[in-house]
Amino acid sequence: MASPSPVAPSPEEQAFLTWLNGNLPQGVDWQQGALDYIAARLGEENGEVTRRFHLTKPFYSVTGDAPINQQLYEFTREISHFLNVIGLLAVSPQTRFLDVACGSGWWTHFLSKLSLSVVGIDISPDMLALTEERLRLDGIPTPESDSFDRVKLLLHNMEAGPLAAEHHCDVAVLESALHHFVNPIQTLRNIADSLSDDGLIVILELSSDGNGDPNYYEVMERYDTLERPYTRDQLLAILQFAGLAEYQFFYPMNGFFPPTAEVGDRVRDLIVHDPIWNIVIAAKRPGVLAKSLSLGTGFPGIGIVPTTLASPIAAPAAAPTPVAAGVPIEAAMAGVGLKGELQLLKSTSQRIVKKTIAKVLGR
């Protein structure tokens, strides 16, 4: 069966993409940057540390003087995301996962350890080589073995087109990945075309507050790798232009909480109003989310109220106003990226921990 032809963008969609990418560094070959990224990182002075990081992610090394629980915040967050996705979905032994832009493959690795079927794809042969190495180090069958039946690693650019029919899956996961694509709308369309009719797309990202981060811009210029999280409004526009049928946003809330009204009020406020996360599950067809998600909540049917995407929203005008009201367009679209994963772990975890603590304490 032939792959679906690319959808020609409407004038509104093209205007939105032009606006979305308008403040990125110009003249950069982002695809080549993605291909060169890991080789550049491994060639640096701390290249061996970077290599260990990718082979053991998300089990980061503990260093420095900060309390260990703060240093491991990124680890607990990512492990919690993994467990929450698996617990929320109605997963069966027949469910086939698609790990989009898998990088060094920790989601592919962990899904395979659960004996689930997974197709890991990435544009970078070097990243796929790291994925294969970490699977082999853990004794998981690799392409060289005779039992390579549940895990497949494919070199593929999802922005350019969907997977061949024989590689189609049921659930696609983009773990901190959607922001790497110049055209996230076509990427989501191609992912949807790589899934079964009842397919789901899971997006796990920190959201942007529209104010930008200097570290992100610095590393985009250093490595030519595209890093720019989206505001909630930007992601909603991307979902709608991509033509997905419905979506449900989620807020991550893990931990022990004393049974007091004050804590309960703060938890409710975070879940309902905090925009720091862009965690969303979208479906190709209406009605799929309620069927596929309610079994995993612990409260069947409660809280799963998907939003139906009826039609694309209007794009910004020729002289756009920023999505976040009152934020200059230069700040709203400022580039974001990694200043080396280890540096980002420290800055990101400290920022989120401080913000979360302050909110829970009502400060």
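With salt bridges taken as basic N to acidic carboxylate O contacts below 4.0 Å, none links R136 and E133. Salt-bridge formation is not detected for the pair E205/R232: no Lys NZ or Arg NE/NH1/NH2 atom is positioned less than 4.0 Å from an Asp or Glu carboxylate oxygen. Residues R222 and E218 are not paired through a salt bridge, judged by the lack of any N-O separation under 4.0 Å between the basic side chain and the carboxylate. A salt bridge does not link E166 with R96: every distance from a Lys NZ or Arg NE/NH1/NH2 to an Asp or Glu carboxylate oxygen is 4.0 Å or more.
S80 is linked by a side chain to side chain contact (heavy atoms under 4.5 Å, CB included) to N84, N254, counting only residues two or more places apart in sequence or in another chain. Residues meeting the side chain to side chain contact (heavy atoms under 4.5 Å, CB included) test with D269, sequence neighbours left out: R266, H273. Qualifying salt bridge (charged side-chain N to carboxylate O under 4.0 Å, His left out) partners for E221, counting only residues two or more places apart in sequence or in other chains: none.
Taking the six-membered ring where tryptophan is involved, the planes of F59 and F110 are tilted, since the angle between them lies from 30° to 60°. Note: Y37 and Y223 have perpendicular aromatic rings, judged against thresholds of 30 and 60 degrees for the angle between ring planes. The aromatic rings of F249 and Y247 lie perpendicular to each other, with more than 60° between the two planes, well past the 30° mark.
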field: Test side chain to side chain donor-acceptor pair (under 3.5 Å) applied to H109 and R134, step by step
entry: CA-CA 8 Å; H109 183 191; R134 67 181 292 159; 3.1 Å; yes
From CA spacing to verdict: side chain to side chain donor-acceptor pair (under 3.5 Å), Y251, D274: CA-CA 8 Å; Y251 185 86; D274 190 4; 3.1 Å; yes
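Rounding to the nearest 0.5 angstrom, the gap separating the OG1 atom in T76 from the CG atom in L83 is 11.0 Å. Atom CG of residue N278 and atom CG of residue L235 lie 4.5 Å apart, to the nearest 0.5 angstrom. A distance of 8.5 Å separates OG1 in T231 from CG in L20, rounded to the nearest 0.5 Å.
A pairwise comparison of heavy atoms in E159 and N190 identifies O-ND2, 3.2 Å as the closest pair. Closest of all the heavy-atom pairs between A177 and A101 is CB-CB, 3.9 Å. Of all non-hydrogen atoms in F250 and L293, the two that sit nearest each other are CZ-CD1, 3.8 Å.
Screening E74, E78, R52 for a side chain to side chain contact (heavy atoms under 4.5 Å, CB included) involving K57 leaves a single residue, E78.
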